[in-house]
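Throughout, a chain's letter reflects where its sequence line sits, starting with A, and its residues are numbered from 1.
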Protein chains: 2
Amino acid sequence: MIDTKQKILDTAERLFAQQGYAATSMRQIISEAGVNLAAIHYHFGSKEELLDGLVQRKAGPVNAERLALLEAAVKAANGRSLQVEEIFEALLRPMVTVASQNDQFVQFMGRLFSEGLMPHVIRKHFHEVMKKFMGALREVLPELPEQEFLWRVHFMMGALAHTMCGAPESLQLLGVSAGFQDRIDRLKRFLSAGFRAEGKQ
Amino acid sequence: MIDTKQKILDTAERLFAQQGYAATSMRQIISEAGVNLAAIHYHFGSKEELLDGLVQRKAGPVNAERLALLEAAVKAANGRSLQVEEIFEALLRPMVTVASQNDQFVQFMGRLFSEGLMPHVIRKHFHEVMKKFMGALREVLPELPEQEFLWRVHFMMGALAHTMCGAPESLQLLGVSAGFQDRIDRLKRFLSAGFRAEGKQ
DNA sequence: GTCTATACTGAGATAGAC
DNA sequence: GTCTATCTCAGTATAGAC
């Protein structure tokens, strides 16, 4: 059945989002999905490749929207140089779009980062879009020394990843309420100021 | 033997730094340390508590130096309000101090974050120092709305955690060479500008 | 091609002898 | 304090039914 594959994907997505990747065993997935253990290996090959399939399914649309927004902004600028805020807007806004459709999505993606699964799985799906946005940022900040620029991209990715992490790990900031839309706006202001700061060397 | 406990700690620290926490099995630790498997459970209770002991041993001195530097800066200011740069200096400089003594330290601490072990183990050892520094920052940025301030602290922690991550995961930024001292300076500039940005609401 | 049953290896944890 | 033996559960691999 093609239904089996779907049931596995849906159940895995829900459990990974709720409990995390490491804490979710394949036996729990197949139990709640009502399929056999070996079915996962037949359809995906391994637990990590199951995650990979999940990321592709969820991150694909987000990244597509990111690139579309960036391109639209470039077109709308009509030759004028973009503002860093406009670039971050294109990068961050799609997360709001998807978050409003699926509450668990943000938590799911955030967990992947916080669980350190970035190198093997995430990098692969975000490398392309990151390259594009780094190029756009670089164009707008030509006076920034190369090393300084690269490190700021690094800082940005850390802040971004940490921000996507859901509520569970953010309890310490007692009052951080507000919706996702709000969160994105605050991050945009923070990052824009950080990138605009004068660089050295 | 009290020697057993030390051998376990030293070996675990080395292996965790080199391979990560999850990828290092207790059997590998006891094998290279030349002790018995049950010895870890006798001395520490569990793998996670072994990590906890390690973090305490390594993070304790760093956090002590952080608080000392902050207090010294306040004293030197002599009633004058601190600059955000001075606060970040006190927060970040101790990492350089320790990194110059032990190359593996930074990688070790960074890995803990990137492996998602922050919530249960790290939080406990850094909560105190974070509270102090948040208070100092808040005093210097009184005009910032509370929610905006809290979120910026959140962003900062993400950037900080990601920055401490060693080279292995940072390959993508091909050229990010430079020493740890340099890295800290760049982060200081980035964060200071981010916190100084005008807040909304 | 799809799926089930079952076995294999290695992980962390624990009880009890010495 | 230390060690042996054992337990449970994880991810993985394979043989074979339909």
**Q** Above 12 or not: heavy atoms from other molecules or residues under 6.0 Å from CD of A/Q19?
**A**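 Yes, because the 6.0 Å sphere around CD of A/Q19 holds more than 12 heavy atoms from other groups.
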**Q** Go along nucleotides 9-16 of chain D 5' to 3' and tag each nucleotide: B for a protein heavy atom under 4.0 Å from its base, S when only backbone or sugar atoms are that close, - otherwise.
**A** -BBB-B--
**Q** Who pairs with B/R27 by side-chain hydrogen bond (donor to acceptor under 3.5 Å, both in side chains), at least two apart in sequence or on another chain?
**A** none
**Q** Quickly work out the B/N36 CG to C/dC18 P distance and round it to whole Å.
**A** 16 Å
**Q** Write down the distance between CD1 (B/I40) and C1' (D/dG1), rounded to a whole number of angstrom.
**A** 15 Å
**Q** Going by salt bridge (charged side-chain N to carboxylate O under 4.0 Å, His left out), name the pairs with one or both residues in residues 6-16 of chain B, residues two or more places apart or in two chains.
**A** B/D10-B/R57, B/E13-B/R57, B/E13-B/K58, B/R14-B/E32
**Q** Within this structure, what is the NE2-to-C1' distance between B/H43 and C/dG12, rounded to whole angstrom?
**A** 18 Å
**Q** Hey, could you give me each pair passing salt bridge (charged side-chain N to carboxylate O under 4.0 Å, His left out) that has a residue in residues 149-160 of chain B? Not counting sequence neighbours.
**A** B/E148-B/R152
**Q** I need the CZ-P distance between B/F44 and C/dT14, as an integer number of Å.
**A**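 My rounded result for the distance is 16 Å.
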**Q** Would you please name every residue forming a ring pair (Phe, Tyr, Trp, His ring centres under 6.0 Å) with A/Y21, sequence neighbours left out?
**A** A/F16
**Q** Do the side-chain N or O atoms of A/T4 get closer than 4.0 angstrom to the phosphate oxygens (OP1, OP2) of C/dT2?
**A**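 For C/dT2, neither OP1 nor OP2 has a side-chain N or O of A/T4 closer than 4.0 Å.
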**Q** Which nucleotide in the set C/dC3, D/dT4, D/dT2 lies at the smallest distance from any side-chain heavy atom of A/Y42?
**A** C/dC3
**Q** Just how far, in rounded Å, is P of C/dT4 from CD1 of A/I30?
**A**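 Interatomic distance, CD1 of A/I30 to P of C/dT4: 9 Å.
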**Q** Test of understanding: with ring pair (Phe, Tyr, Trp, His ring centres under 6.0 Å), list the residues that count as partners of B/F195, not counting sequence neighbours.
**A**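 If we apply the ring pair (Phe, Tyr, Trp, His ring centres under 6.0 Å) test to B/F195, skipping adjacent residues, the hits are A/F190, B/F88.
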**Q** Rounding to a whole Å, what distance do you find between B/I8:CD1 and D/dG1:P?
**A**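 Between P of D/dG1 and CD1 of B/I8: 13 Å.
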